[in-house]
2 protein chains.
Amino acid sequence: MSTRKSVGRAPGRATIGDVAEAAGVSKATVSRFLNHRERLLSPDIAARVEAAVAKLQYSPSPMAQALSRGRSRLIGLVVADVSNPFSVAVLRGAEKACQEAGYLLMLFNLGNEGSREREAIDALVRYQVDGFILNTLGRGASAVDADTLHGKPAVLVDRRHPGMRADFVSLDNGEAMQTVCAHLVAGGFTELLYISEPSKGVSSRRERIAAFGDCAKAQGANVAAQVFESHDDADPQAHEELDGALKALKRRAGRGRRAAVVAGNSVVTLRVAAAMTRLGWQFGQELGFVGFDDTEWASLIGSGLSTMAQPTDAIGHAAATCLIERLRGFEGPPRQLLLPGQLLVRGSSVAAKG
Amino acid sequence: MSTRKSVGRAPGRATIGDVAEAAGVSKATVSRFLNHRERLLSPDIAARVEAAVAKLQYSPSPMAQALSRGRSRLIGLVVADVSNPFSVAVLRGAEKACQEAGYLLMLFNLGNEGSREREAIDALVRYQVDGFILNTLGRGASAVDADTLHGKPAVLVDRRHPGMRADFVSLDNGEAMQTVCAHLVAGGFTELLYISEPSKGVSSRRERIAAFGDCAKAQGANVAAQVFESHDDADPQAHEELDGALKALKRRAGRGRRAAVVAGNSVVTLRVAAAMTRLGWQFGQELGFVGFDDTEWASLIGSGLSTMAQPTDAIGHAAATCLIERLRGFEGPPRQLLLPGQLLVRGSSVAAKG
DNA sequence: TTGTATGCGTTATCAT
DNA sequence: ATGATAACGCATACAA
């Protein structure tokens, strides 16, 4: 019968007007039935509306709602690099929490081009996202300041943005590093090398480097700790330098002192593992090893790579939850959620020295 | 001065009305300047509008545009499992192509719950996405039929949906499998075992299994091929069964005949690698190995895992491009893009038999 | 070439 | 308790 009035545009989906017509009431009534269910509804009218909604399979258009209400139930997720397993894992947790709360995720990948950070935010702002989950560099000129966000709440994941008032969710880097170092030292590894990606400006990298230094210091004069910043494979000398650092580390071992490397994340772990292959060395033999970020393949390399597993799902979930709380009206000072990691001991940090 | 008229809602961003006012023209003129730049514009008015746009940093609200036009410049991406590296890799390529074309991605992860496929599509449809990129099971009751899509175009990635008229982008499974088998046979591996995830209904798995059979057959009676379907770790007997299959395979080797396993994707590769560790075997020794999907860690397992690398970036890019062409009005029958894989030979398929 | 008026699907403010 | 009606920000058919 009643073919849709609005012939021009969106085909198919029923509108609130259709429901109103079918129920013999006004659009306002339908809207109220949907939104303010609790008060103001006469039983029979409610029933009629409900029937019409069911019959027409009506569900409101979020776009129109967004336009009218000012909020979209959309969350912008911008990620420095989707290729990074950590980011994906977080993404996964966040997306789940969002789904549960009825939010949808708009994804923007920076592909490690930090310069596009503002571009990403702007695009997302245009789409009226209600808030942001940011896992970006957060450094340099392109770093997002509070007002690029146009007042929308944001939660930072893993990487702080200097001076931005926002919730922050991350691994408890200090505690985690302490666990790692204590484990290594307890295993007789006293010559330690921490290998990180270039730290410039990335808070989590800086924090781990600092924590590494503190831990070593706390262990007393007996342990010697150094830091090496490993570069991209784009850098032609990256391999040489890394191999060199590893060789130097091995030289420090001897007369009862064992040497181990601590990798700052799974990307570094990969590079170190490749270097070990180049050198023909085995983890747990020439050098001990513990790496941040657990991966599915960690147990398959040699006798297994010990890792400090980040609670990635929890981090993602917490981030989304944090943000959604804000969206629901929670006010209050920026919060910090530092989640504990879990040390997974495998062969690389226990095997006897060769 | 002129504080925004619309006090109630969205704070901050300038609207087309503001620009019109600032330029001393009507909203329609501004709209035309923005959309139909080519025709209908008097030089001085255009200049004034342009100035006003620049001054107010105006950029149109995609939500409002979507409401008015019926299209949103949004693309819905639904993925069976973001944890799957293949999916992420595709996602990455797709997101890039979308960004380049000015589209944004709305992400929905199924977390391997195929039952939520419709739910995902529905949510996305509500948000007026212009089209879909689907990398889902595409099987069973929840499988998406053409009209769940409400007429929106879709492109299927890696997995076909039976009976759905849609573009399809995937690895050329037949060719790839042929390459793999030929390589193995050339290396003297004549006892072949193909290990797949449970094939039920997933087209890519079925295709590869079929292709494997065909290849073996084409090689003549000299090569013996079998297929094993490996189950989730959720299945308590999964390990035993897999280990058993591997042992049986090894038994087939001997008197000059070498045995090799072909893994259907990186998930299977992981399982097989774990099994090898359990059995204390080495790839390239007891058994040869080639796995579909290249991973960053493939070169680090033992003497390196040979892999059939999928052109994931290209697949994602092609999928998005395909879809965007449709959105730009391209009509025509469903297309099929079968992209070639690349065999990466490492130790697992060349080392001498132990 | 430009302006006016209307519609897109909702919500919300006012009456009633 | 319910119904007109005006936003929301934009595009467009129609007038001028």
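To find a chain, count down the sequence lines: A is the first, B the second, and so on, and within it residues start at 1. Any value given below was found using the heavy atoms of this structure, including those in side chains, with hydrogens, waters and symmetry copies removed.
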Atom CZ of Phe33(A) to atom P of dG9(C): distance rounded to whole Å?
-> 21 Å
Indicate yes or no for a side-chain donor-acceptor contact from Gln99(A) to the backbone of Asn109(B) under 3.5 Å, with no hydrogens or angles considered.
-> yes
Arg326(B)/Asp167(B) salt bridge by N-O under 4.0 Å criterion = yes
Verify the contact: side-chain N or O of Ser26(B) to OP1 or OP2 of dG3(C), cut-off strictly under 4.0 Å; return yes or no.
-> yes
Distance-minimising heavy-atom pair for Phe168(A) and Asp158(A) = CE1-C, 3.8 Å
Select one nucleotide: of dC10(D), dT10(C), dA12(C), the one nearest the side-chain heavy atoms of Lys27(B).
-> dC10(D)
Given dG9(C), dC10(D), dA11(D), the nucleotide with the shortest approach to the side chain of Arg69(B) = dA11(D)
Hey, what do you get for CG (Leu107(B)) to CD (Glu95(B)), rounding to the nearest 0.5 Å?
-> 10.0 Å
dT10(C) phosphate, OP1 or OP2: any side-chain N/O from Ser31(A) under 4.0 angstrom?
-> no
The residue, Ala64(B) or Ile45(B), whose nearest nucleotide of DNA chain C is more 5′ is Ile45(B)
Value in whole Å for how far the P atom of dG9(D) lies from CG of Leu34(B) = 16 Å
Whole angstrom is fine here: how far is it from CZ in Arg32(B) over to P in dA11(D)?
-> 11 Å
From the candidates dT10(C), dG3(C), dA11(D), the one with an atom nearest any side-chain atom of Ala28(B) is dG3(C)
Ranking Arg48(A) and Ser59(B) by the position along DNA chain D of their nearest nucleotide, the one closer to 5' is Arg48(A)
His36(B) side chain N/O closer than 4.0 Å to the phosphate oxygens (OP1, OP2) of dA11(D)?
-> no
Whole angstrom value for the distance that separates C1' of dG7(C) from CE of Met63(A) = 16 Å
Rounded distance in Å - CG (Leu67(A)) to P (dG7(C)) | 17 Å
Determine whether any donor atom in the side chain of Arg13(A) lies under 3.5 Å from an acceptor atom in the base of dG9(C), or the reverse, and answer yes or no.
-> no
Tell me whether the OP1 or OP2 atom of dT2(C) has a side-chain N or O from Ser42(B) closer than 4.0 Å.
-> yes
Check every atom of dT11(C), dT10(C), dG3(D) against the side chain of Asn35(A) and return the nucleotide holding the closest atom.
-> dT11(C)
Quick one: is dT2(C) close enough that its OP1 or OP2 comes under 4.0 Å of any side-chain N or O from Thr29(B)?
-> no
Look at the side chain of Ser68(B) and the base of dG9(D), then say whether one donor and one acceptor between them are separated by less than 3.5 Å.
-> no
Separation of Arg73(B) atom CZ from dA11(D) atom C1', in whole Å?
-> 15 Å
Glu325(B)/Arg335(B) ion pair, N-O < 4.0 Å | yes
Minimum heavy-atom separation for Gln65(A) to Pro60(A), with atom names?
-> NE2-CB, 3.5 Å
Between Val30(A) and Val25(B), just flag the one whose closest nucleotide in DNA chain C comes earlier from the 5' side.
-> Val25(B)
Is the distance from OP1 or OP2 of dT10(C) to the nearest side-chain N or O of Tyr58(A) less than 4.0 Å?
-> yes
Bend of the helix from dT1(C)-dA16(D) to dT16(C)-dA1(D) from end-axis comparison, five pairs per end, nearest 10°, comes to 50°
Run the salt-bridge test on Arg92(A) and Asp313(A) with the 4.0 Å N-O cut-off and return the result as yes or no.
-> yes
Short side-chain donor-acceptor distance under 3.5 Å, Thr136(A) and His161(A) = yes
dA11(D) OP1/OP2 closer than 4.0 Å to side-chain N/O of Gln65(B) = yes
What is the distance from CZ of Arg71(A) to C1' of dT11(C), rounded to the nearest Å?
-> 10 Å
